[in-house]
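Each remark here refers to the structure printed beneath this line.
Keep in mind it's a predicted model, so treat the numbers as computed, not measured. Along the sequence shown, residues are numbered consecutively beginning with 1.
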Amino acid sequence: MHPAPSTLSSARSKASVVFRVTAGNFLEQFDFFLFGFYATQIAHVFFPAGSDFAALMMTFAVFGAGFLMRPLGAVVLGAYIDDVGRRKGLIVTLSIMASGTILIAFVPGYATIGLLAPALVLIGRLLQGFSAGAELGGVSVYLAEMATPGRKGFFTSWQSASQQVSIIVAAALGFALNQSLSAAAIAAWGWRVPFFVGCMIVPIIFVLRRNLEETQEFNARKHRPSMNEVFRTLVENWAVVIAGMMLVAMTTASFYLITVYAPTFGKTVLHLSTADSLLVTLCVAVSNFVWLPIGGALSDKIGRRPLLVGMTLLNIATAYPALSLLAHAPSFLNMLLVLLWLSFMYGVYNGAMIVALTEMMPAQVRVAGFSLAYSLATAVFGGFTPAISTALIHMTGDKAAPGYWMSFAAACALASTFALYRRRAAALTPAH
């Protein structure tokens with residue numbers, strides 16, 4: 001029996017909307033991954049220091065600084081999107097993000113313009129962070145509001161899944177460059193090539209976003225809150241925002257460890273080749289892409305909470321032992337197996353978590369509340385994961401030390417899951 005033409009048409013229409021709205025997510029994560037992967041080269045070009053460790057730490061500090069701007073972007077741009085609508089807001093976030101990407105791609109090195117070079121790179125990262133603060137929330141809420149009833153988890157999971165495509169493309173580009181250019185050429189100018197590719201993608205994403213329609217749920221609202229009302233409601237719901245931040249903790253710490261930090265970890269800590277580190281990262285991104293919609297779809301079937309609890313407990317129990325195994329027997333195969341295991345836990349958890357977070361936030365501040373919770377988690381747990389991992393290994397001499405950080409983030413997420421669902425149950429219980 002074949003599906004009715006209207007059903008097929010509706011499915012294609014939904015897929016088209018998902019593609020257009022998540023295209024901006026692709027650019028955001030594409031650039032973030034490149035900055036993390038080429039951290040060693042960026043350190044030498046923009047942050048010359050007395051030691052490689054100091055230069056790398058300065059680079060990761062600038063990488064993390066972009067995440068500190070996310071909460072500000074979440075509040076300001078998130079409130080703007082809750083006020084003017086999802087479509088207009090997502091075009092504004094894309095414009096700001098593109099400005100930061102273009103700036104980083106074209107800034108000359110320290111040897112050419114001195115201190116202005118790291119200053120401009122920092123400004124580029126701050127612009128990216130400011131826009132990303134509301135980009136994730138805007139996209140997640142848009143997907144949740146346009147989803148087919150009963151499939152909200154599946155549709156919303158494509159927010160994160162689209163980011164994995166960017167990592168696949170970035171890792172593949174990096175692998176191609178590594179095969180065709182010498183290490184000296186990559187260090188001098190080759191690392192900029194993927195950033196230029198990112199700049200070339202910008203006009204295409206603008207066209208895709210311009211053709212988006214506003215969600216029916218937003219258009220149906222009788223009252224559109226002003227930015228002042230959004231700010232006031234956020235303050236009133238500060239406990240939900242903080243709990244939401246803790247819920248996202250495992251997602252951000254896991255994601256930045258297994259994607260952004262993994263290539264640097266493979267090269268500088270495990271002493272594997274650049275090609276091996278890139279191939280592992282490529283496989284992890286494919287694995288994430290597969291598990292995220294599965295996690296979202298499973299959460300539609302069995303509920304969000306069982307997946308959130310199960311994956312956090314699994315992470316607490318296995319993250320450090322898995323990394324310890326890798327540290328004691330570093331090889332391409334072991335790095336691949338360990339990171340694929342971490343990818344499984346991340347993908348299933350995040351597939352359920354994204355939609356759970358949209359459901360926890362009050363409707364009138366859904367974008368701002370989601371964005372602020374996500375941005376705070378990314379600033380506190382995610383963005384500084386490369387720097388914290390580097391510092392933990394340096395201080396303890398234990399190459400598996402990032403596992404402690406992952407387990408701590410998972411414990412925070414577990415506590416938050418219980419707190420948020422207890423609060424939700426209390427809110428749904430009729431008063432006597």
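- For the atom pair F195 CZ and F30 CZ, the distance stands at 8.5 Å (nearest 0.5 Å).
- Looking at heavy atoms from C-beta onward, I388 lies out of side-chain contact with Y256 at the 4.5 angstrom threshold.
- With rounding to the nearest 0.5 Å, the separation of CG in L333 from CG in D276 is 10.5 Å.
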message: Is there a side-chain contact (heavy atoms from CB on, under 4.5 Å) between L247 and L308? Walk through the geometry before answering.
response: CA-CA 9 Å; L247 192 70; L308 298 179; 4.2 Å; yes
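- In this structure, CG in L143 is found 10.0 Å from NZ in K14, a value given to the nearest 0.5 Å.
- Between F289 and W158, a ring centre-to-centre spacing shorter than 6.0 Å is recorded.
- Formation of a donor-acceptor pair under 3.5 Å by the S407 side chain with backbone atoms of G403 is found in this model.
- Not a single donor-acceptor pair under 3.5 Å links the side chain of R304 to the backbone N or O of A352.
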- request: Evaluate the side-chain contact (heavy atoms from CB on, under 4.5 Å) criterion for residues V169 and F26: first the C-alpha distance (whole Å), next the side-chain angles of each, then the deciding distance (0.1 Å), finally the verdict.
  value: CA-CA 10 Å; V169 173; F26 173 95; 3.9 Å; yes
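- Considering OG of S95 and CG of L127, their distance stands at 11.5 Å, rounded to 0.5 Å.
- Here the side chains of T251 and Y374 are in contact, with some heavy-atom distance below 4.5 Å.
- Between the N288 side chain and the Q164 main chain, no donor and acceptor come within less than 3.5 Å of each other.
- Shortest non-hydrogen contact noted between V21 and R209 is O-NH2, 2.8 Å.
- Contacts of F46 classified as ring-ring contact (aromatic ring centres under 6.0 Å, His included), with partners at least two apart in sequence or in another chain: W191.
- Across all their heavy atoms, F370 and S140 have their closest contact at CZ-OG, 3.5 Å.
- With hydrogens and angles disregarded, no donor-acceptor distance shorter than 3.5 Å links the side chain of N334 to the backbone of L326.
- Taking 4.5 Å as the limit, some side-chain heavy atom of L372 sits within range of a side-chain heavy atom of L376.
- Atoms CD1 and SG, from I316 and C412 in turn, are 9.0 Å apart once rounded to the nearest 0.5 Å.
- A distance-only check finds no donor-acceptor pair linking the side chain of S160 to the backbone of S157 [under 3.5 Å].
- Taking every heavy atom of both residues into account, L340 and C283 meet most closely at CD2-O, 3.9 Å.
- Residues M353 and M311 are not in side-chain contact: their nearest non-hydrogen atoms beyond the backbone lie 4.5 Å or more apart.
- For the pair T22 (side chain) and V18 (backbone), a donor-acceptor distance under 3.5 Å is present.
- In F19, the CZ atom is not crowded: 12 or fewer heavy atoms of neighbouring residues, nucleotides or ligands sit closer than 6.0 Å.
- Side-chain atoms of F130 and I96, non-hydrogen and from C-beta on, do get closer than 4.5 Å to each other.
- With a 4.5 Å cut-off on side-chain heavy atoms, M345 and T318 count as touching.
- Using a distance-only test at 3.5 Å, with no hydrogens or angles considered, no donor-acceptor pair links the side chain of T156 to the main chain of G153.
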Criterion side-chain contact (heavy atoms from CB on, under 4.5 Å) on D300 and V355, from CA distance to verdict: CA-CA 10 Å; D300 289 329; V355 66; 5.6 Å; no
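- With hydrogens and angles disregarded, no donor-acceptor distance shorter than 3.5 Å links the side chain of K399 to the backbone of F265.
- Annotation: side chain of L90 is in contact with side chain of E135 (closest heavy-atom distance under 4.5 Å).
- Here the side chain of T93 pairs no donor or acceptor atom with the backbone of S131 at under 3.5 angstrom.
- Between V284 and I258 the shortest heavy-atom distance is CG1-O, 3.7 Å.
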task: Check the pair I168, L282 against side-chain contact (heavy atoms from CB on, under 4.5 Å), reporting the backbone distance first and the verdict last.
output: CA-CA 5 Å; I168 293 167; L282 188 67; 3.7 Å; yes
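- Taking all atoms of both residues into account, the shortest heavy-atom contact from I186 to L177 is CD1-O, 3.8 Å.
- Side-chain contact between F154 and T148: absent, with no pair of heavy atoms (C-beta onward) separated by less than 4.5 Å.
- Annotation: F408, atom CZ; neighbour count of heavy atoms from other residues, nucleotides and ligands within 6.0 Å does not exceed 12.
- In this structure, CD1 in I123 is found 10.5 Å from CE in M69, a value given to the nearest 0.5 Å.
- Counted by atom type alone, S389 and W405 present zero donor-acceptor pairs between their side chains at under 3.5 Å.
- Taking the six-membered ring where the residue is Trp, the centroids of W291 and Y346 are separated by 6.0 Å or more.
- Across all non-hydrogen atoms, the minimal contact from A327 to A400 is CB-N, 4.1 Å.
- Judged purely by atom type and a 3.5 angstrom limit, S254 uses its side chain to pair as donor or acceptor with the backbone of M250.
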